[in-house]
Amino acid sequence: VQLQASGGGLVQAGGSLRLSCAASGSIYNYNTMSWYRQAPGKERELVAAIHEFDFTNYADSVKGRFTMYRNNAKNTVYLQMTSLNPEDTAVYYCKATGRYIVWGQGTLVTVSS
């Protein structure tokens with residue numbers, strides 16, 4: 001499967017964005033779909049993940065502001081981001097974990113103060 005992330009852009013602090021990660025095949029076959037981000041000069045970090053039965057977990061820094069969900073019929077996962085702040089500026093990547101691990105290309109999110 002290939003993953004295509006989209007939805008990044010420039011937004012002011014306090015604004016919202018929704019990222020999408022479209023898979024070329026069924027995401028049902030993957031135990032976990034996740035979003036990571038990498039800010040300039042920092043290591044890539046887990047932002048959110050969705051597991052079997054739609055159990056989700058989030059990084060402490062985004063809890064209450066970000067929501068991850070999926071549409072299996074569209075083979076797409078989403079990351080709804082609200083109350084964005086400059087610290088959220090990063091390249092966001094989606095990842096599929098199952099028998100194989102697949103990374104998508106990143107999408108840049110820039111939050112201006």
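The first residue of the sequence shown is numbered 1, and numbering continues consecutively from there.
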For a side chain to side chain contact (heavy atoms under 4.5 Å, CB included) check, start with the C-alpha distance between R37 and V109, then their side-chain angles and the critical distance, and finish with the verdict.
CA-CA 9 Å; R37 68 185 181 187; V109 172; over 6 Å; no

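- Checked by atom type and distance alone, the side chain of T110 never pairs as donor or acceptor with a backbone atom of T89 at under 3.5 Å.
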Y78 vs N71, test: side chain to side chain contact (heavy atoms under 4.5 Å, CB included). Steps then yes/no. CA-CA 8 Å; Y78 304 92; N71 184 325; 4.1 Å; yes

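- Nearest heavy-atom pair, A48 versus L79, reported as atom, atom and distance to 0.1 Å: CB-CD1, 4.0 Å.
- Rounding to the nearest 0.5 Å gives a distance of 12.5 Å between CG of N31 and CZ of R99.
- With R70 as the partner, the side chain to side chain donor-acceptor pair (under 3.5 Å) test is satisfied by one option alone out of T56, D54, N75: D54.
- In terms of hydrophobic clustering, with Ile, Leu, Val, Met, Phe, Trp and Tyr side chains grouped at heavy-atom distances under 4.5 Å, V91 and L84 are assigned to different clusters.
- Y93 is not connected to I27 by any chain of hydrophobic side-chain contacts under 4.5 Å among Ile, Leu, Val, Met, Phe, Trp and Tyr, and they are in different clusters.
- A 4.5 Å side-chain heavy-atom check between V62 and M81 finds every atom pair outside the cut-off.
- The two residues Y58 and F66 make their nearest non-hydrogen contact at CE2-O, 3.4 Å.
- Contact check for Q105 versus Q4: side-chain heavy atoms found under the 4.5 Å cut-off.
- Closest of all the heavy-atom pairs between L3 and C21 is CB-SG, 3.8 Å.
- Hydrophobic clustering of Ile, Leu, Val, Met, Phe, Trp and Tyr side chains at less than 4.5 Å, counting indirect connections, unites I50 with V102.
- Shortest non-hydrogen contact noted between T107 and A5 is CG2-CB, 4.2 Å.
- Remark: side-chain polar atoms of T82 are paired, donor with acceptor, to backbone N or O of R65 under 3.5 angstrom.
- Annotation: side-chain hydrogen bond (donor to acceptor under 3.5 Å, both in side chains) contacts involving residues 9-29, sequence neighbours excluded, comprise R18-Y69.
- Contact detail for A59 and L46: the closest heavy-atom pair is CB-O, 3.4 Å.
- For K95 against I101, the heavy-atom pair with the smallest separation is CE-CG2, 3.6 Å.
- Transitive grouping of hydrophobic side chains (ILVMFWY, heavy atoms separated by less than 4.5 Å) keeps V111 and Y36 in distinct clusters.
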